[in-house]
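Below is one structure, written out as structure tokens, with a few remarks after it.
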Amino acid sequence: MAKKVLVTGGTGYIGSHTVVVLQEAGYEVLIIDNLSNSNIDVIEGITRITHTRPVFEKVDCTDMDGMRAFFEKYPGIDGIIHFAASKAVGESVRKPLLYYRNNIVSLLNLLELMPEFKVKGLVFSSSCTVYGEPDKNPIDEDAPIKPATSPYGNTKQINEEIIRDYIHSGALIKSIILRYFNPIGAHPSAEIGELPIGEPQNLVPYITQTAIGIRPYLKVFGNDYNTPDGSCIRDFIDVMDLSRAHLVAMDRILEGKSDENMEIFNLGTGRGVSVLELIRVFEKVTGKPLNYKIVGRREGDIEQIWANPEKANKVLGWKAETPLEETLASAWKWQLKLRERGIM
Ligand code: UD1
């Protein structure tokens with residue numbers, strides 16, 4: 001019988017791509033999402049790709065009664081991949097309590113319900129933001145955790161600690177924490193992708209919206225950093241590669257491949273690419289010159305960070321493989337599809 005996985009935040013950006021990968025691998029997928037930052041139409045996109053409609057329930061993970069009712073209605077869930085969270089750094093500075101409530105209460109509810117409903121494993125969506133500004137790159141999982149620079153970042157750190165403490169207390173669950181670097185791109189079919197609501201905060205949606213004429217120009221935040229071209233450096237990882245890592249992590253937990261009850265992995269390519277380099281590659285791939293202006297630094301930005309993904313490569317047998325050109329082409333194809341559908 002197919003194993004059942006609950007994906008919280010499954011209509012969101014990384015969640016929806018992971019649902020596709022899980023379904024294609026034979027998992028039965030159930031999604032809960034409060035649709036605060038995503039659209040129900042994503043379910044149609046997923047279904048067009050996989051020809052399998054995932055179960056969907058509009059539930060807010062902070063609503064304990066709603067969550068318990070969900071687990072009662074759908075017994076036999078084997079594992080959970082927990083994406084549901086608020087993720088805008090700037091907003092978290094303005095609305096810290098919203099972020100602490102959403103991101104922390106959601107996890108507490110899940111952890112409390114897991115043993116009650118005999119759910120064995122949790123894959124948790126964390127971020128390289130827990131490392132802050134690294135002393136050296138590439139950065140591996142043993143690098144120190146730096147004080148968070150935003151409430152959003154702090155919720156990721158606190159959630160990692162909550163999982164650690166809970167497992168340490170003898171809770172009968174296993175967890176894999178995945179620290180993502182910068183996920184970009186879309187499913188190659190352009191049936192699903194990243195759908196920012198309002199003005200995008202992240203680089204690639206801003207680039208594609210500029211290229212298509214929704215934004216007059218991209219603001220490049222700073223060219224006076226201590227990097228070869230002066231712009232910040234990131235580890236941009238294709239969202240499909242990232243999604244596949246979640247499948248491998250879930251398999252690992254449910255097939256009992258590890259003796260450890262909690263493991264942490266960096267998910268990146270191992271290659272640092274500057275903001276200006278990324279723009280060049282985008283221009284090459286699309287054949288469109290991008291209108292951009294260099295402006296001042298953005299507060300809270302890290303100068304440079306890229307992953308040492310060796311642990312994930314070796315232990316999970318997973319590797320980010322998609323060339324950056326292909327990833328940016330998928331992001332552009334998605335933007336064109338949004339235009340075609342009259343969404344943006
Ligand atoms: C940010 C968060 C990270 C979070 C991730 C996903 C910080 C320090 N990190 O990553 O914790 O997990 O978003 O939500 O906030 N840039 C521009 N112009 C733009 C937009 C971005 O030049 O219009 C530059 C930024 O200065 C940065 C790079 O592009 O150097 C990447 O920015 P972004 O896509 O926002 O991701 P991060 O800031 O790396």
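Heavy-atom basis, side chains included; hydrogens, waters and symmetry copies ignored. Just so you know, ligand 1 is whichever comes first in the structure, and atom 1 is the first atom listed for that ligand.
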For the backbone of T50 and the side chain of T52, can you confirm whether one donor and one acceptor N or O come within less than 3.5 Å of each other?
yes

Enumerate the atoms of ligand 1 whose separation from the nearest heavy atom of C232 is less than 4.0 angstrom.
30 (O)

Which residue from E299, R234, R298 reaches closest to atom 38 (O) of ligand 1 through any of its heavy atoms?
R298

Honestly, is K293 close enough over Y217, meaning NZ or CZ under 6.0 Å from the six-membered ring centre and within 45° of the axis?
yes

Which of the numbered atoms in ligand 1 are under 4.0 angstrom from any heavy atom belonging to K219?
17 (C), 18 (N), 19 (C), 22 (O), 23 (O)

Has G153 got any heavy atom lying under 4.0 angstrom from an atom of ligand 1?
no

For ligand 1, is any non-hydrogen atom under 4.0 Å from Q201's backbone (N, CA, C, O), its side chain (CB onward), both, or neither?
backbone

Judged by modelled atom types alone, do S126 and E160 share a side-chain donor-acceptor pair under 3.5 Å?
yes

Walk me through it: do Y180 and N266 pass the test side chain to side chain donor-acceptor pair (under 3.5 Å)?
CA-CA 6 Å; Y180 316 151; N266 281 348; over 6 Å; no

Using a strict cut-off of 4.0 Å, indicate which atoms of ligand 1 neighbour a heavy atom of S127.
11 (O), 12 (O)

Donor-acceptor pair, side chain of W334 and main chain of E194, under 3.5 angstrom:
yes

Does ligand 1 have a heavy atom under 4.0 Å from the side chain of V275, from its backbone, from both, or from neither?
side chain

Which is it for N182 and ligand 1 at heavy atoms under 4.0 Å: side chain, backbone, both or neither?
side chain

How are the rings of F70 and Y74 set relative to one another: parallel (under 30°), tilted (30 to 60°) or perpendicular (over 60°)?
tilted

So, K146 side chain and E133 main chain: donor-acceptor pair closer than 3.5 Å or not?
yes

Min over F221, Y292, Y225 of heavy-atom distance to atom 22 (O) of ligand 1 lands on F221

Would R179 count as a cation-pi partner of F265, with NZ or CZ less than 6.0 Å from the six-membered ring centre and within 45° of the ring normal?
no

N313 (side chain) donor-acceptor with W318 (main chain) under 3.5 angstrom:
yes

L218 heavy atoms within 4.0 Å reach ligand 1 at atoms 18 (N), 19 (C), 23 (O)

For ligand 1, which atoms, with element, lie under 4.0 Å from some heavy atom of V89?
2 (C), 7 (C), 15 (O)

For ligand 1, which atoms sit closer than 4.0 Å to a heavy atom of T129?
11 (O)

Taking only non-hydrogen atoms of G300 and a 4.0 Å limit, the atoms of ligand 1 in range are 8 (C)

Where ligand 1 meets V220 - atom numbers and elements under 4.0 angstrom, heavy-atom basis:
22 (O)

Consider ligand 1: state whether an atom of it lies below 4.0 angstrom from any non-hydrogen atom of Y152.
yes

Of all protein heavy atoms, the one nearest atom 33 (P) of ligand 1 is N202 ND2, 3.5 Å

Can you pull out the closest protein heavy atom to atom 34 (O) of ligand 1? Residue, atom name and distance to 0.1 Å, please.
L203 N, 2.8 Å

Do side-chain atoms of Q304 reach the backbone of N226 as a donor and acceptor pair under 3.5 angstrom?
yes

What is the closest protein heavy atom to atom 25 (C) of ligand 1, and at what distance does it sit?
D301 OD2, 3.4 Å

Considering only heavy atoms from C-beta outward, does the side chain of K3 approach that of E28 to under 4.5 Å?
no

